[in-house]
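Chain A is the first sequence line, chain B the second, and so forth, proteins listed ahead of strands; every chain is numbered from 1.
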2 protein chains.
Amino acid sequence: MKKTKTWNQHVVKQENKDLVLHTIMRYDPISRAETAIKTSLNKGTVSSLVNDLIEENMVYESGPGKSSGGRRPVMLNFNRMAGCSIGIDLGVNYILGVLTDLTGEILMEKYIKYEYESYEITMQHTLEVIDYLIARQPDTPYSIVGIGVGIPGAVDLKGQVMLAPNLNWENVEIKDKLQDRYGVPVIIENEANAGCYGEKKYGVGSKSNHILYISIGIGIGIGMMLNGELYRGNNGFSGEMGHMTIDLNGNLCPCGNRGCWELYASEKGLHAAMAAYEIPPQSNDQRDLEYLIARARQNDERALALFNTVGGYIGLGVKNIVNTFNPEQVIIGNRMSSAQEWIEPAIREKLDGTLWFQKEGLHLEFSGLSTHSSAMGMAAFSIENFLKSYQYSQTAL
Amino acid sequence: MKKTKTWNQHVVKQENKDLVLHTIMRYDPISRAETAIKTSLNKGTVSSLVNDLIEENMVYESGPGKSSGGRRPVMLNFNRMAGCSIGIDLGVNYILGVLTDLTGEILMEKYIKYEYESYEITMQHTLEVIDYLIARQPDTPYSIVGIGVGIPGAVDLKGQVMLAPNLNWENVEIKDKLQDRYGVPVIIENEANAGCYGEKKYGVGSKSNHILYISIGIGIGIGMMLNGELYRGNNGFSGEMGHMTIDLNGNLCPCGNRGCWELYASEKGLHAAMAAYEIPPQSNDQRDLEYLIARARQNDERALALFNTVGGYIGLGVKNIVNTFNPEQVIIGNRMSSAQEWIEPAIREKLDGTLWFQKEGLHLEFSGLSTHSSAMGMAAFSIENFLKSYQYSQTAL
DNA sequence: CTTAATTTGTCTAGTGGATGAACAAAGTTT
DNA sequence: AAACTTTGTTCATCCACTAGACAAATTAAG
């Protein structure tokens with residue numbers, strides 16, 4: 001049975017209602033008349049759609065606004081408390097969960113730090129975090145509209161986790177598990193995709209339609225927003241650029257190849273280069289970032305040089321990315337972004353080596369939401385998903 | 001003045017008409033009833049839209065078809081001769097022009113080979129080719145629906161040529177020039193984008209929605225089709241992956257950086273490596289490809305080894321591309337594709353080194369249209385552009 | 001050979017949503 | 001106080017899609 005999408009007046013209404021809702025969200029507060037102008041819809045049409053939205057609890061009136069020489073407008077507000085969204089950032093040694101309203105504002109958060117555990121324990125922690133947030137949600141008409149979980153690994157389009165090396169997960173199913181338990185839509189996504197979406201919605205990426213978000217932690221992952229939409233690839237595995245070869249004859253990577261970018265430009269890279277700069281390792285795992293930042297803060301020459309070197313490697317990859325995508329904005333996110341001060345000059349220097357027309361309108365920035373971009377991005381996925389679908393599901397109201 | 005796209009019955013009709021037309025194009029010949037089923041539109045709606053299309057000369061009836069136990073259907077055909085399209089591939093030392101019908105079938109072509117000349121001479125040759133094809137076009141209701149020109153260089157979204165190093169062009173305007181002269185819509189595009197589109201429409205890419213087309217000639221350029229649409233980047237300069245660094249400490253590239261991919265994996269790469277394999281250069285420019293292929297055909301060990309090495313470099317870049325995009329299909333096009341026999345094994349070997357889930361559903365292929373992908377792609381751009389717009393412009397009919 | 005069933009394509013009445021204009025209500029400016 | 005503005009609702013109209021009836025054309029069955 002082949003089903004092509006056809007266009008009829010139902011779709012028209014759906015789309016226009018969505019347009020009106022998003023216009024109100026964006027300009028909140030705004031009058032009906034102003035909304036009609038912004039959307040270039042007819043006043044009457046807007047009126048009728050707004051009344052629908054009010055009945056559905058998505059919009060409310062907040063009394064008269066300022067007159068500009070005529071009848072005072074009735075201001076409309078997006079009902080940010082029509083429901084709540086939950087976003088989870090499943091880190092390698094932490095879990096961050098946020099409960100947000102429908103504008104993505106954080107109402108509550110829960111952070112757990114733990115050392116590496118088995119899959120079962122990790123899941124148990126995750127459920128605890130979700131339970132905690134659900135138990136404390138405010139009273140809203142739609143309650144929890146969805147749960148999103150960001151994973152540091154490859155997730156396919158169906159939400160299956162194919163491989164999360166740092167969690168030691170392979171072929172893990174958690175979407176249905178969570179969906180069954182909580183009875184709400186669940187979205188599983190790659191952590192870099194989530195971070196990219198978070199920055200686009202609530203961070204430094206709000207004005208760009210072509211964003212490459214580079215999540216640099218232990219490894220490197222990329223989230224890409226192209227033409228205003230997240231690109232996932234054929235199966236959902238786009239952005240695995242940590243394993244881009246930048247050095248033909250470089251060191252061996254656990255992935256089996258030589259000279260992968262993340263060996264040079266991630267926390268792994270920092271760790272590997274410490275010996276060369278005669279900086280004694282602090283611990284025997286690879287998490288020296290805070291330690292190195294502390295030293296850099298005290299103007300330790302070796303640490304500064306090290307950051308400069310790694311910054312250069314990051315810049316090299318960024319240059320490759322710019323040549324590939326011709327983006328509007330490149331955002332450096334995740335843990336490495338806290339070293340902005342010491343790596344940024346080296347990155348920018350490399351970027352100067354790209355062809356002149358690539359630099360036109362290109363912005364390099366660092367994460368605006370810092371540690372929260374992933375969790376907030378996942379919450380945003382669920383919100384957007386809800387806004388696209390509530391109009392069907394709630395016909396029973 | 002902010003204009004958001006709103007949805008009304010005009011848009012609905014437009015979209016449905018487009019859907020019907022494309023359905024007829026795809027299943028040609030097909031009856032009205034069958035079209036209604038395929039599009040899931042109402043029979044009456046299809047009838048009315050088809051009659052519009054017939055009046056507009058886009059569709060015609062070709063008499064009764066086979067009955068399946070009832071009244072015999074009236075078969076509908078797409079009127080491939082409603083107009084013609086012209087596609088030009090502006091090569092470094094040749095110009096290929098094709099005149100096609102609206103299905104992209106080549107009705108006539110004109111090939112000119114010439115040594116490098118100034119911009120003025122090149123343009124003069126281009127005009128000659130176009131004039132030649134226009135003079136010989138068949139009689140059609142819409143005549144020439146557009147002209148597309150593929151350029152081996154960076155073209156911005158407005159059709160300005162920013163830089164075409166191998167043509168020695170910088171900041172050249174030809175779109176308006178052609179448009180003024182011929183009075184039809186003109187599209188200027190990067191040659192790799194054109195090739196990608198050509199392969200998607202008429203070549204080996206017809207079934208894929210996520211295609212990376214790698215145009216390997218003197219240099220390397222990429223055309224990408226993501227989610228079924230060509231991706232151009234923020235300004236139109238995506239796909240400049242020839243200058244992706246794959247060797248940190250590699251040789252200097254004219255672009256100012258070290259170890260660019262195209263130094264290793266293009267015709268430049270072949271040329272550079274010839275000395276190491278003790279193959280005497282044949283000419284003093286960098287076009288030894290035909291010469292090397294001739295030697296490989298005779299099983300010349302050195303030539304085979306050389307192709308194997310360069311194939312490995314190509315494969316390395318393809319691996320990077322696969323990790324970045326998670327594509328459905330990778331197509332090797334342009335001149336280097338004629339060495340398929342000798343480079344393919346090395347490329348596939350490198351591809352085996354990618355993570356297992358990246359390989360799922362991934363197809364590596366070589367250009368199906370060979371030397372014609374760019375020109376046909378450009379013709380296809382003009383056709384698609386016409387099909388999207390004729391419904392507005394021809395209201396005066 | 002007649003009759004029933006099937007398929008195609010047109011036509012008509014009805015539905016739903018957008019539009020434009022009229023209008024009342026509620027302001028501001030002169 | 002009068003004239004002008006702005007807002008938001010209402011109503012008649014338009015337009016595209018839909019469902020269902022129907023005639024024409026054909027095959028299948030008795």
Tell me: [atom1] of [X] to [atom2] of [N], nearest whole Å?
| X | N | atom1 | atom2 | result |
| --- | --- | --- | --- | --- |
| A:Lys43 | C:dA25 | NZ | C1' | 12 Å |
| B:Ile24 | C:dG9 | CD1 | C1' | 14 Å |
| B:Leu49 | D:dA16 | CG | C1' | 9 Å |
| B:Lys13 | D:dC14 | NZ | P | 16 Å |
| A:Arg72 | C:dG27 | CZ | P | 6 Å |
| A:Glu15 | C:dA18 | CD | P | 11 Å |
| A:Leu19 | C:dG17 | CG | P | 16 Å |
| A:Leu41 | D:dG8 | CG | P | 15 Å |

Next item on the list: Say whether, by atom type as modelled, one donor and one acceptor occur between the side chain of B:Arg72 and the main chain of B:Gly65 under 3.5 angstrom.
Entry: yes
Are any of [X]'s side-chain N or O atoms less than 4.0 Å away from OP1 or OP2 of [N]?
| X | N | result |
| --- | --- | --- |
| B:Ser48 | D:dA16 | no |
| B:Asn42 | D:dA19 | yes |
| B:Thr45 | D:dT18 | yes |
| A:Asn16 | C:dA18 | yes |

Note to self: For D:dT6, does the base pair up with any side-chain atom of A:Arg71 as donor and acceptor (N or O, under 3.5 Å, distance only)?
What the structure shows: no
So if I take every side-chain heavy atom of [X] and compare against [options], which nucleotide ends up nearest?
| X | options | answer |
| --- | --- | --- |
| B:Gln9 | D:dT18, C:dA18, D:dT7 | C:dA18 |
| B:Pro73 | C:dT8, D:dT27, C:dT19 | C:dT8 |
| A:Val12 | D:dT7, C:dA18, C:dG9 | C:dA18 |

Margin query: Can you see whether A:Glu189 engages A:Asn193 through a side-chain donor-acceptor pair at a distance of less than 3.5 angstrom?
Written below: yes
Notebook entry, point to check: Going by atom types only, do B:Asn77 and B:Asp28 share a side-chain donor-acceptor pair under 3.5 Å?
Noted result: yes
Note to self: On DNA chain C, does the nearest nucleotide to B:Glu61 precede the nearest nucleotide to A:Gly70 from the 5' side, or the other way round? Give the residue.
What the structure shows: B:Glu61
Note to self: Just to be sure I understand the rule, does B:Val74 reach a base, reach only the sugar-phosphate, or reach nothing, if contact means heavy atoms closer than 4.0 Å?
What the structure shows: sugar-phosphate
Margin query: Less than 4.0 angstrom from a charged side-chain N to a carboxylate O is my criterion; do B:Arg32 and B:Glu61 meet it?
Written below: yes
Notebook entry, point to check: Any ion pair linking A:Glu229 and A:Lys200 (charged N to carboxylate O, less than 4.0 Å)?
Noted result: no
Checklist line | Most 5' of B:Ser67 and A:Ser31 on DNA chain D, judged by nearest nucleotide | finding: A:Ser31
